[in-house]
Amino acid sequence: METQDISYMRRALDLAVLGRGKVSPNPMVGCLIVHKNQIIGEGYHQKYGEPHAEVNAIQAVQDKSLLPDSTFYVSLEPCSHYGKTPPCADLLLKYQPKKVVICNVDVNPLVAGKGIQKLRNAGIEVQVGLLEEEGKNLNKRFFTFITKQRPYIILKWAETADGFMAKENHEPYWISNEISRMLVHKWRGEEDAILVGTNTALYDNPYLNVRSWTGRNPLRVVIDKDLKLPADLHLFDRQQDTLCYNLHKQEVHENLEYVKIKGEGFLHYFFQDLYFRKVQSILIEGGAKVLHNLLEHDLWDEIRLFRSPLTFGKGIVAPRPQGKVFEVTQLGTDSLWIYRRNL
Ligand code: AOF
Ligand code: ZN
């Protein structure tokens with residue numbers, strides 16, 4: 001691969017990012033068309049249900065007669081199926097470009113290599129896997145949702161320097177600093193759903209909305225197996241779509257749904273239900289029991305852990321993070337540790 005190819009693919013990935021928050025549950029995809037080292041067209045998937053990256057990139061090309069002598073850089077394999085839009089591979093075949101460079105193979109079973117095959121069968125040179133890791137990281141939610149048939153699971157907690165995540169009596173106490181708390185609001189706007197367990201809902205009475213940042217409010221999810229939570233909690237204020245998973249009742253109100261799940265295999269059915277609802281990612285905001293439980297069942301993809309210099313001496317013990325350290329960032333007095341699972 002030439003350095004030029006890498007720069008072009010990086011640009012295609014940057015274009016893909018522009019679709020963030022608007023294309024889910026589809027992946028973010030960018031496309032660049034290059035003719036004799038000149039970019040002649042750029043495009044990205046802008047909105048769910050609307051044209052794909054390749055369509056927009058081709059539309060941006062003024063002189064279409066240059067296309068047969070051009071190279072396409074696409075961050076995802078061109079699709080081969082009729083979804084909400086027609087197959088991009090067929091569109092490319094119409095213009096017969098010299099070469100197509102692809103970052104990731106599309107894991108969607110309707111595509112899964114068939115787009116690449118179509119292009120190769122037509123004699124087009126296809127290269128696959130350029131900046132593959134960056135692409136996988138960009139669309140980690142999409143790839144996990146399809147391959148694992150569950151949302152991308154992000155565990156989040158804050159812990160003191162001596163390893164506690166709450167006071168013993170659940171007395172509300174901020175462990176992380178203001179910058180960290182603001183960042184959590186940004187994160188809430190980036191995921192499809194946020195989950196808390198029964199104790200966190202009860203003792204913290206969270207709103208689980210986006211206040212200290214701008215963004216859309218995610219779906220609120222609470223686990224309350226025995227329906228112990230009082231109805232006057234903020235979570236049940238009907239201001240935001242909310243799901244309450246329990247063992248007893250199935251009920252639908254406007255904005256608030258009670259979902260009954262079997263006690264045995266609860267976590268499996270819980271995530272399966274979210275999958276059926278097309279929830280592609282979920283931020284788990286505690287408490288200790290939920291976090292421990294998910295770690296124990298190996299049901300997580302990423303951990304975001306705020307480490308504060310405060311000490312409690314005693315309290316509710318924070319879970320032990322697993323996986324490998326992906327990134328460490330200093331946020332004033334706190335440090336943010338991001339872990340990813342070992343693949
Ligand atoms: C591409 N280029 O820009 C995107 C692709 O219902 P549709 O027609 O929008 O198809 C959605 C599927 O197409 C999606 O699940 C993924 O497999 C692929 N996305 N493919 O060639 C794009 N966004
Ligand atoms: Zn397509």
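Counting convention: from 1, in listed order, for ligands and their atoms alike.
Residue E50 places no heavy atom under 4.0 Å from ligand 1.
Which parts of ligand 1 touch D106 is read off a 4.0 Å heavy-atom cut-off, strictly below it: atoms 16 (C), 17 (O), 18 (C). Close contacts of ligand 1 with C88, meaning ligand atoms under 4.0 Å from a residue heavy atom, involve 21 (O). Taking every non-hydrogen atom of E77 and a distance limit under 4.0 Å, the qualifying atoms of ligand 1 come out as 21 (O). Close approach of ligand 1 to G83 is summarised as follows: ligand atoms under 4.0 Å from at least one heavy atom of the residue are 6 (O), 8 (O). Counting atoms of ligand 1 from 1 in the listed order, those under 4.0 Å from a heavy atom of P78 are 21 (O). Close approach of ligand 1 to H81 is summarised as follows: ligand atoms under 4.0 Å from at least one heavy atom of the residue are 10 (O), 12 (C), 13 (O). Short contacts between ligand 1 and A53, defined as distances under 4.0 Å to a heavy atom of the residue, involve ligand atoms 3 (O), 22 (C).
Considering both main-chain and side-chain atoms, E54 comes within under 3.5 Å of ligand 1 through a nitrogen or oxygen pair. Residue L76 places no N or O, backbone or side chain, under 3.5 Å from any N or O of ligand 1. Between G49 and ligand 1, no pair of N/O atoms sits closer than 3.5 Å.
Using a 4.0 Å cut-off between charged side-chain N and carboxylate O, E134 and R10 make a salt bridge. Taking a cutoff of 4.0 Å between a charged side-chain nitrogen and a carboxylate oxygen, D301 and R141 do not qualify as a salt bridge. Between R277 and D273 there is a salt bridge, with a side-chain nitrogen of the basic residue lying less than 4.0 Å from a carboxylate oxygen of the acidic one. Electrostatic pairing of E302 and R304 counts as a salt bridge here, judged by a charged N lying under 4.0 Å from a carboxylate O.
Looking from atom 1 (C) of ligand 1 to the surrounding protein, the closest heavy atom is H52 ND1, 3.2 Å. At the top of the distance list for atom 14 (C) of ligand 1, counting protein heavy atoms only, stands N26 OD1, 3.5 Å. Nearest protein heavy-atom neighbour of atom 23 (N) of ligand 1: H45 CD2, 3.3 Å. Closest to atom 15 (O) of ligand 1, if we only count protein heavy atoms, is N108 ND2, 3.2 Å. Nearest protein heavy-atom neighbour of atom 6 (O) of ligand 1: K84 N, 2.7 Å.
Vertex the Zn ion (ligand 2); arms to C79 SG and C88 SG; angle rounded to 10 degrees, 120°.
Aromatic ring centroids of Y275 and F145 lie under 6.0 Å apart. Side-chain rings of Y245 and Y269 stay apart, their centers remaining 6.0 Å or farther from each other. Checked against the 6.0 Å centroid threshold, Y339 and W157 do not count as a close aromatic pair.
Residues in residues 58-69 take part in these side-chain hydrogen bond (donor to acceptor under 3.5 Å, both in side chains) pairs, two or more places apart or across chains: H35-D69, K36-D69, D63-S65, D69-K98.
For A57, the side-chain contact (heavy atoms from CB on, under 4.5 Å) test picks out C31, I33, with sequence neighbours left out.
Closest approach between the Zn ion (ligand 2) and any N/O/S atom of H52 involves ND1.
Looking at A16, C79, P27 and measuring to atom 19 (N) of ligand 1, the nearest heavy atom belongs to P27.
Residues T311 and D162 have side chains that never bring a donor and an acceptor to within less than 3.5 angstrom of each other.
Using a 30° and 60° split on the angle between ring planes, H52 and H45 fall in the perpendicular class, above 60°. In this pair, Y258 and H253 present their aromatic rings perpendicular. The plane angle is above 60°, beyond the 30 to 60° band.
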